[in-house]
Number of protein chains: 2
Amino acid sequence: MSIEVLIVDDDELVRIGLRAIIDAQPDLRVVGEAADGIEVPSLVARHRPQVVLMDVRMPGIDGIQATRRLLAAADPPRVLVVTTFANDEYVYDALRAGATGFLLKRARPAEVVEAVRVVARGESLLFPAAIRRLVGAYGRQGVDGLRAARLTEREAEVLRLMAAGLSNPEIAARLVVGVETVKTHVGNVLAKLGVRDRTQAVIAAYESGFVVPAG
Amino acid sequence: MSIEVLIVDDDELVRIGLRAIIDAQPDLRVVGEAADGIEVPSLVARHRPQVVLMDVRMPGIDGIQATRRLLAAADPPRVLVVTTFANDEYVYDALRAGATGFLLKRARPAEVVEAVRVVARGESLLFPAAIRRLVGAYGRQGVDGLRAARLTEREAEVLRLMAAGLSNPEIAARLVVGVETVKTHVGNVLAKLGVRDRTQAVIAAYESGFVVPAG
DNA sequence: CGGATTCTCCCCGTCGCGGGGGATCCGCGG
DNA sequence: CCGCGGATCCCCCGCGACGGGGAGAATCCG
C-alpha cells in the first residue's frame, strides 16, 4: 500500500511540481490538492492521506491555522510544512501548531520524497537548516543583539544541560529551581525545536551545531 | 561541607599524587587510602566518602570486585574507576559493576578534581576516550576482524537508530522484531556504555564519533 | 558433545518524562 | 494602564523507558 499525500499550496506551479515529483515514486501517491486552507479539512476527511504537504503562507486560512485544525481532529495525518525560506517567521508557529517537519521549496526531488517517507513512518523530521535558524545566533557565542534565536536564554541553558545528559531533577538542582520549572522549559524547547522528546532535542543540538562533540 | 574521597590503589606513588591533587582543593578532602580491595568495605563504612577513586588492577580483590561489593550495600558511594590505559580490558567490567565514570592516570589535575566533583553531584561521567574504545572499530565502517567493540552488531544498529531519534516501538518496527527485543538491546547498550538512559547513549554516540553530525 | 555467544521474546514493577491544564510575578513597551 | 513575554511553580494523567528477572533457539567452537 502506497503512502497517500495531500498537497496544499496556493501556487499552482508549486502544486504541479510537487505532484510530479511525488507521483513519480511507486510508493507515493497524491490523492488531492488544495489552494487554500479552507478546503483542507474536507479533503483530509475524504481521502485520509497519511501526509499533508502544507504551505505556510496562503491567503485566507494559512498553513498554521490549517495545521492546528487538522491536528485537533482524531487520527490526524502528519503535516509537513512547505516553506520558501528556512528563516520564515512562521516556522516557529508551524512547529507549535504540531507540524512534524519542514521542507524547503528549493529542496531537491530526492529530498522531498525522502521527507515524505520519513514522516509517513511517524518519525519526526529533524531539519538542521530550520533548527539552526531557531537556535541560531547562540551556537557560537554570538549573543549579538539579534535575538533571532527563538530560544530564550533560559531555554538555551536548559538545552545545554539536556545535551550534557542531565535529567530534569539534575537540571533543577543545577539551576536551583523547581523540577516543575525545568519541565516547563524542557517542554518549550521541545515545542520550539519541533521534536518529540529530550533525546531528539539533544540530536537537534548536535546536528545544528548548538553543541559540538568534544572529540 | 566538602566532598570526601577515598583513594584505592596498590601503587603508593599514585595514591600520594592523587591525594596531593585532591587535598589542594578547598572543597575536596581525602578521608582515607587503601592499597587493596579487601580493605575498602570497612574504610567506606567508617568514613562514608561520597566518592571512591578505585584502581582496576590490584592484587587480591581487584577494583571490579571491590566496586561490585560496594554498590551492593545500602547508600553506596560513587565509584570513579582509575585506569592507566583507556583501552583497558577491564573497563567494560567496571561499567557493568556500576562504576560511575573513568579517570585516566595521566589525566591532568584539573581533570581529576572536576571528575570528582561531577560524580559527587551524582551525574554520570561520560568518558569519550573510554567509550570510543568500547564502540571503537565500528564507527567508520570498520567491521575488521577485531571485534574489539563490545557492542554486538545488533546493538550497534540499535544505537544508530536511537541516535536517529527513534523510540523503542519505532526501532522495533524498523528492525521487524518485538518491542521486548529492542528493550533488551537498548538495555545492553546502556549497560555497556555505562550510561543511564537513551539520551546519554546518544550523547556518547556523538562524542565518540560513532555518529557524526551531518552539519 | 558441552559451552559460549547472540538474538529473540516475555513478565513484572517503578519512575521519569511529556502533555494538559492553570497560576503568580516581573519588566518592557505601547 | 494594560498587554505580552519570560520565568517560576503547581496539579493530574498516561505512557514509555528502564531494571531485573527468566527462557528458548540458533550458531560457532573447542
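Chain letters run A, B, ... following the sequence lines, proteins first, then strands; residues in each count from 1.
Closest approach of A:Leu80 to A:Val116, counting heavy atoms only: CD2-N, 4.1 Å. Between A:Glu155 and A:Val189, the shortest heavy-atom contact is O-CG2, 3.6 Å. Nearest heavy atoms, A:Ile38 versus A:Pro41: O-CD, 3.6 Å. In this structure, A:Leu6 and A:Val31 approach most closely via the heavy-atom pair N-CG2, 4.5 Å.
When the side-chain nitrogen and oxygen atoms of A:His185 are compared with OP1 and OP2 of D:dG6, none of them lie within a distance under 4.0 Å. When the side-chain nitrogen and oxygen atoms of A:Arg154 are compared with OP1 and OP2 of D:dT8, one or more of them lie within a distance under 4.0 Å. OP1 or OP2 of C:dC9 sits under 4.0 Å from a side-chain N or O of B:Thr181. Residue A:Thr152 has no polar side-chain atom (N or O) positioned under 4.0 Å from OP1 or OP2 of D:dG5.
Residues satisfying the side chain to side chain contact (heavy atoms under 4.5 Å, CB included) test with A:Ala201, not counting sequence neighbours, are A:Leu159, A:Leu190, A:Leu193, A:Val195. Considering only residues two or more places apart in sequence or on other chains, B:Thr184 meets the side chain to side chain contact (heavy atoms under 4.5 Å, CB included) condition with B:Asn188. Partners of A:Glu39 by side chain to side chain donor-acceptor pair (under 3.5 Å), not counting sequence neighbours: none found. Qualifying salt bridge (Lys or Arg N to Asp or Glu O under 4.0 Å) partners for A:Asp27, counting only residues two or more places apart in sequence or in other chains: A:Arg117. In terms of the side chain to side chain donor-acceptor pair (under 3.5 Å) criterion, residue partners of B:Glu157 (sequence neighbours excluded) are, by chain and number, B:Arg154. Under the salt bridge (Lys or Arg N to Asp or Glu O under 4.0 Å) criterion, B:Arg69 pairs with no residue, sequence neighbours left out. Under the side chain to side chain donor-acceptor pair (under 3.5 Å) criterion, B:Gln50 pairs with no residue at all, not counting sequence neighbours. Shown here are the side chain to side chain donor-acceptor pair (under 3.5 Å) partners of A:Asn168, two or more places apart in sequence or in another chain: A:Arg198.
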Can you give me the N/O atom pairs linking the protein to nucleotides 24-30 of chain C at distances under 3.5 Å, or say none if there are none?
none

Can you pull every protein N or O that's under 3.5 Å from an N or O on nucleotides 22-30 of chain D?
none

Please produce a list of atom pairs where a protein N or O lies less than 3.5 Å from an N or O of nucleotides 14-19 of chain D.
{"from": "D:dA17", "atom 1": "OP1", "to": "B:Asn168", "atom 2": "N", "distance (Å)": "3.0"}
{"from": "D:dA17", "atom 1": "OP2", "to": "B:Asn168", "atom 2": "ND2", "distance (Å)": "3.3"}
{"from": "D:dC18", "atom 1": "OP1", "to": "B:Arg198", "atom 2": "N", "distance (Å)": "2.6"}
{"from": "D:dC18", "atom 1": "OP2", "to": "B:Arg198", "atom 2": "NH1", "distance (Å)": "3.0"}
{"from": "D:dC18", "atom 1": "N4", "to": "B:Lys183", "atom 2": "NZ", "distance (Å)": "2.8"}

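Taking atom CD of A:Glu180 as the reference point, atom C1' of D:dC9 lies 7 Å away to the nearest angstrom.
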For B:Ser167 and A:Arg196, what are the C-alpha separation, side-chain angles and deciding distance, and is it a side-chain contact (heavy atoms from CB on, under 4.5 Å)? CA-CA 10 Å; B:Ser167 65; A:Arg196 184 180 51 197; 4.0 Å; yes
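One axis for each end of the helix from C:dC1-D:dG30 to C:dG30-D:dC1, each built from five base pairs, and the angle between them comes to 40° at 10° resolution.
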